[in-house]
There are 2 protein chains.
Amino acid sequence: MSEAGASELAEQSAVVRRFNRSYTQRVGALEESFLGLGMPLGTARLLYEVGVEPGTTRDLRARLGLDSGYLSRLLRRLESDGLVDVSPDDDDRRRRRVRLTAAGRRAWDDLERRSAERARDLIAPLTPRQRARLAAALSDADLLVRAATVTLEQVSPTSDEARAAVAAYVAELDERFPGGFDASGAVDADAERLAPPTGAFVVATSDGAPVACGGVQALGDGVGEIKRMWVHPGWRGAGLGSRLLRHLEGVCRDLGYDEVRMDTNGSLVEAVAMYERAGYRRIARYNDNPYAEHFFAKRIA
Amino acid sequence: MSEAGASELAEQSAVVRRFNRSYTQRVGALEESFLGLGMPLGTARLLYEVGVEPGTTRDLRARLGLDSGYLSRLLRRLESDGLVDVSPDDDDRRRRRVRLTAAGRRAWDDLERRSAERARDLIAPLTPRQRARLAAALSDADLLVRAATVTLEQVSPTSDEARAAVAAYVAELDERFPGGFDASGAVDADAERLAPPTGAFVVATSDGAPVACGGVQALGDGVGEIKRMWVHPGWRGAGLGSRLLRHLEGVCRDLGYDEVRMDTNGSLVEAVAMYERAGYRRIARYNDNPYAEHFFAKRIA
DNA sequence: CGAGAAGTCTGACTAGAATCAGAGACCATG
DNA sequence: CATGGTCTCTGATTCTAGTCAGACTTCTCG
């Protein structure tokens, strides 16, 4: 990294820290809206989590990062207060399903209301214009922070995550291509080529949901091809595409390729722009993909 | 508030909550960089605070919001670990001054380094462009959140806070007015008029530091005059001025006035623009203030 | 100087968060 | 149906955060 880049990074991280300090001090209190309901914070957090999405104790433990014994005790308390209903799972009677009772739902609504009130009180002193500015800044920051914490993971192209991501990709192509997109067969047929030893498939997830994906397959002669690259529409504009592209180039390198190629349709204007920005040059058609209109290549060290 | 305003407020508060949830989940961990030093969080927070700015235990208690007994114990622990040095204050031997020892400074640097690393790791996956965007969004949000949590408090015009704020105000006028500003005597002479029963002085503070101020004094015939209105340069553009102005109008109303007047110098362009935006109309000169060039009035219900 | 206020410290205590080991229920499999 | 593995629960225990009352020291001000 250049000298200038490093000092910028330091300055930006200082901004993050400064923000973090002042924000948690003032707004961290939002979490404390969980207090004052006559139950300790941990119990309230659990109640809240159950209300957001009921599930097995196992799920809840994973989501909240709690010890099983501790969770059990918290649940017992909520149960004896009549706020949740714990019953064995029919599929596996070792597991227990947790859901809110009617009283629990009321308590949850109460939490929700308090939390919303806190947020409203926070921004109430601002003028409407300033409030709009704050909302814009926070949602921008939110997108970027989420994007920064997305994890890229190599998975089997036949895994559930991969299938879900590819399905979203195909659905979008079908919608955006002038004549629609017919994926019949091709998806499953390609699956094998997108797996080791000569291929790979990467899914980016945030909170467990796929938000981007991309695959690599062999094209012969030390050339790798990037396929099925997709970024969730709600996640565009946060540099996730470039990051994924860089990552896939690294995967190609690891697989021993020294050149990357790809094709794309002209209606995917953002993609075309991104490839050009990333240093890809246009080349002649190298396959008979009927949907492909632009062809790119880039040498990787 | 209008129907549209209310729904906007609800939506903006939802943005705040959404951001808060995802941010604390991902970045709240920044605070936890305080962990892993072999000391509990509370102790580490205290150590950090002492390092940021040494002071008396009284200061620290105010800054961290701790019970005196509790603070005493935490200090004892840091002292016995050789990280801080606690000694009686020479000015007032009931008080104790706390400062870091050399070892404490090293531990503090360690905390600092960890925290900076955390922040850097967070933003590292972003492209330089996205990082710059995040930094911009966060500093914007920071300013607005700080502004929203500023507290407006009525104080005596002879109090320390008031004096500090007025001193800053005078210094700025002296710098901005083409011929400088001579405050000799006027400041103290006016102090009495800016106090109850016919006047008031309001100071806005954030983290204990004055960031804005303004006073009201009687002008006769049910007219109140706003004087010494000032907003810290670093805090402009966050709606703090408008908020303070609205607040002072409320103070005037409470004091029984039905009209507000003020004068200002032409070089304070932001102030002039703000008064006009707030519904003030220009009137003829109503005093012999040599620095005043514009005169405003507004009727309050 | 004396009274009361301000400041700090100590001891006693409570509640919450969290961990750990082991008991017991249940499942999948050969 | 025996066995090992998974899952939840209970009891025992530790650490941290935080509160409260009262003792003691020092200051301020009449």
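Sequence lines set the chain letters: A, B, ... in the order given, protein chains first and strands last, and positions in each chain run from 1. Only this structure's heavy atoms are used, side chains among them; waters, hydrogens and symmetry mates stay out.
Relative to the axis of its first five pairs, the axis of the last five pairs of the helix from C:dC1-D:dG30 to C:dG30-D:dC1 sits at 20°, rounded to 10 degrees.
Residue A:Leu46 contributes atom CG, which lies 15 Å from atom P of C:dG16 at whole-angstrom precision. The distance between atom CZ of A:Arg45 and atom P of C:dG16, rounded to the nearest whole Å, is 14 Å.
In this structure, the side chains of B:Leu75 and B:Arg96 stay at 4.5 Å or more apart for every pair of heavy atoms. Between B:Met229 and B:Tyr169, every side-chain heavy-atom pair lies at or beyond the 4.5 Å cut-off.
A heavy-atom distance below 4.0 Å to DNA chain C is reached by none of the residues of residues 49-56 of chain A. The stretch residues 68-77 of chain A comes close to DNA chain C through A:Tyr70, A:Arg73, each having a heavy atom under 4.0 Å from the strand. Annotation: proximity of residues 58-67 of chain A to DNA chain C (heavy atom, distance under 4.0 Å) is found for A:Asp67, numbered in ascending order.
No salt bridge links A:Asp109 with A:Arg113; every basic N to acidic carboxylate O contact stays at or beyond 4.0 Å. In summary, A:Asp110 and A:Arg106 do not engage in a salt bridge, as defined by a charged side-chain N under 4.0 Å from a carboxylate O. By the 4.0 Å N-to-carboxylate-O rule, B:Asp121 lies too far from B:Arg118 to be salt-bridged with it. Using a 4.0 Å cut-off between a side-chain N of Lys or Arg and a carboxylate O of Asp or Glu, A:Glu49 and A:Arg45 do not qualify as a salt bridge.
Chain A approaches DNA chain D over the interval D:dG5 to D:dA12, counting the first and last nucleotide 5' to 3' with an atom under 4.0 Å from its heavy atoms.
A:Leu138 and B:Ala141 get closest at one heavy-atom pair: CD2-CB, 3.7 Å.
Counting only N and O atoms by type, the side chains of A:Ser68 and A:Arg61 include no donor and acceptor under 3.5 Å apart.
Judged by distance alone, with hydrogens and angles left aside, the side-chain atoms of B:Arg193 form no donor-acceptor pair with the main-chain N or O of B:Gly199 at under 3.5 Å.
A distance of 5.5 Å separates CG in A:Leu83 from OG1 in A:Thr101, rounded to the nearest 0.5 Å.
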Could you go over nucleotides 25-28 of chain C and give all protein N or O partners under 3.5 Å, atom names and distances?
from: C:dC27; atom 1: OP1; to: A:Arg93; atom 2: N; distance (Å): 3.0

